Amino acid sequence: QVQLVESGGGLVQPGGSLRLSCAASGSILGINTMGWYRQAPGKQRELVATISSGGNTNYADSAKGRFTISRDNAKNTVSLQMNSLKAEDTAVYYCNSVIMYSVGYRQAYWGQGTQVTVSS
C-alpha cells in the first residue's frame with residue numbers, strides 16, 4: 001500500500017549541487033523518522049541523514065556542513081540538498097521512512113533509489 005519514490009538524481013560536476021526528493025504515498029496514517037541512505041558499488045549501504053517528525057536532524061560525518069535534510073509533513077516528502085559534491089558522494093541514494101500504514105501497524109519502507117554521479 002505504501003510507496004516511496006525518489007527523484008532528483010543525476011550527473012553533476014565536483015563542487016556542484018543536487019537536490020533529491022522523496023515522496024511517500026498510499027495508506028499513511030502517520031510518518032515518524034525519514035531519512036536518506038546511500039550505497040556505492042561494492043560498499044555497504046550507509047546512513048547519510050535523518051530527520052524526525054519534529055524536525056530534529058542528524059548527519060553522517062561525511063555529510064555535515066554540505067548536506068541539508070528537510071521534510072514537508074503536509075506533502076509527505078523529504079528532501080536532501082547536497083552541496084559541494086565530491087566524487088566520493090557517487091552512489092545510489094535511497095529514501096527510508098517509518099510509516100504507520102494502518103491502525104496499530106508501523107513499518108519501515110525503502111524507495112527504489114536514485115543514482116547520483118559526481119564526475120567531471
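Predicted model, so just to flag it, every value in this text is computed and none were measured.
Distance check, rounded to the nearest 0.5 Å: OG of S119 to CG of L85 gives 12.0 Å. Interatomic distance, E46 CD to S62 OG, rounded to the nearest 0.5 Å: 5.5 Å. If you take CD1 on I28 and CD on Q3, they are separated by 10.0 Å, rounding to the nearest 0.5 Å. Here Q107 contributes atom CD and Q1 contributes atom CD; the two are 11.5 Å apart, rounded to the nearest 0.5 Å. Remark: L80 CG to I69 CD1 distance equals 6.0 Å, nearest 0.5 Å.
Checked by atom type and distance alone, the side chain of S21 never pairs as donor or acceptor with a backbone atom of S79 at under 3.5 Å.
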inquiry  = Walk me through whether T90 and Q115 qualify under side chain to side chain contact (heavy atoms under 4.5 Å, CB included).
reply    = CA-CA 8 Å; T90 296; Q115 177 70 50; 4.0 Å; yes
key: Derivation and outcome, side chain to side chain contact (heavy atoms under 4.5 Å, CB included), residues Q81 and L20   = CA-CA 6 Å; Q81 178 65 47; L20 306 182; over 6 Å; no
message = Between R19 and S7, does the side chain to side chain contact (heavy atoms under 4.5 Å, CB included) criterion hold? Intermediate values first, please.
response = CA-CA 9 Å; R19 185 177 180 86; S7 62; over 6 Å; no
ask   = Are T50 and T57 close enough, and set up right, to give a side chain to side chain contact (heavy atoms under 4.5 Å, CB included), and what steps lead you there?
value = CA-CA 6 Å; T50 62; T57 61; over 6 Å; no
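Legend: disulfide bond (SG atoms under 2.5 Å apart) pairs involving residues 31-62, not counting sequence neighbours: none detected.
Between I31 and S53, the closest heavy-atom pair is O-CB, 3.7 Å. Residue V78 comes nearest to C95 through the heavy atom pair CG1-SG, 3.7 Å, listed as atom of the first residue, atom of the second, then distance. Shortest non-hydrogen contact noted between S97 and M34 is OG-CG, 3.6 Å. The two atoms that bring L18 and G8 nearest to each other are CG-O, 3.4 Å, heavy atoms only. Looking at every heavy atom in both residues, A24 comes nearest to I99 through CB-CD1, 4.2 Å. When every heavy atom of E6 is checked against every heavy atom of G113, the shortest pair comes out as OE1-N, 2.9 Å.
Clustering ILVMFWY residues whenever any of their side-chain heavy atoms sit less than 4.5 angstrom apart, transitively, puts Y59 in the very cluster that holds Y93. L4 and Y101 fall within the same hydrophobic cluster, defined by Ile, Leu, Val, Met, Phe, Trp and Tyr side-chain heavy atoms under 4.5 Å apart, directly or through other members. Y109 and Y105 fall within the same hydrophobic cluster, defined by Ile, Leu, Val, Met, Phe, Trp and Tyr side-chain heavy atoms under 4.5 Å apart, directly or through other members. Under the 4.5 Å side-chain heavy-atom criterion for Ile, Leu, Val, Met, Phe, Trp and Tyr, V48 and V98 are members of distinct hydrophobic clusters.
Ion pairing between D61 and K64 holds under the 4.0 Å rule for side-chain N and carboxylate O.
Cation-pi check for R45 over Y94 is met; the charged atom lies under 6.0 angstrom from the ring centroid and within 45 degrees of its normal.
Exactly one residue among I51, T33, L47 makes a side-chain contact (heavy atoms from CB on, under 4.5 Å) with N58. That residue is L47.
Side-chain contact between K43 and R38: absent, with no pair of heavy atoms (C-beta onward) separated by less than 4.5 Å. The shortest side-chain heavy-atom distance between M82 and V12 does not fall under the 4.5 Å cut-off. A 4.5 Å side-chain heavy-atom check between L29 and V103 finds at least one atom pair inside the cut-off.
Listed by chain and number, the residues in a ring-ring contact (aromatic ring centres under 6.0 Å, His included) with Y37 are W110 (sequence neighbours excluded).
Side-chain atoms of S17 and N83 include a donor-acceptor pair closer than 3.5 Å.
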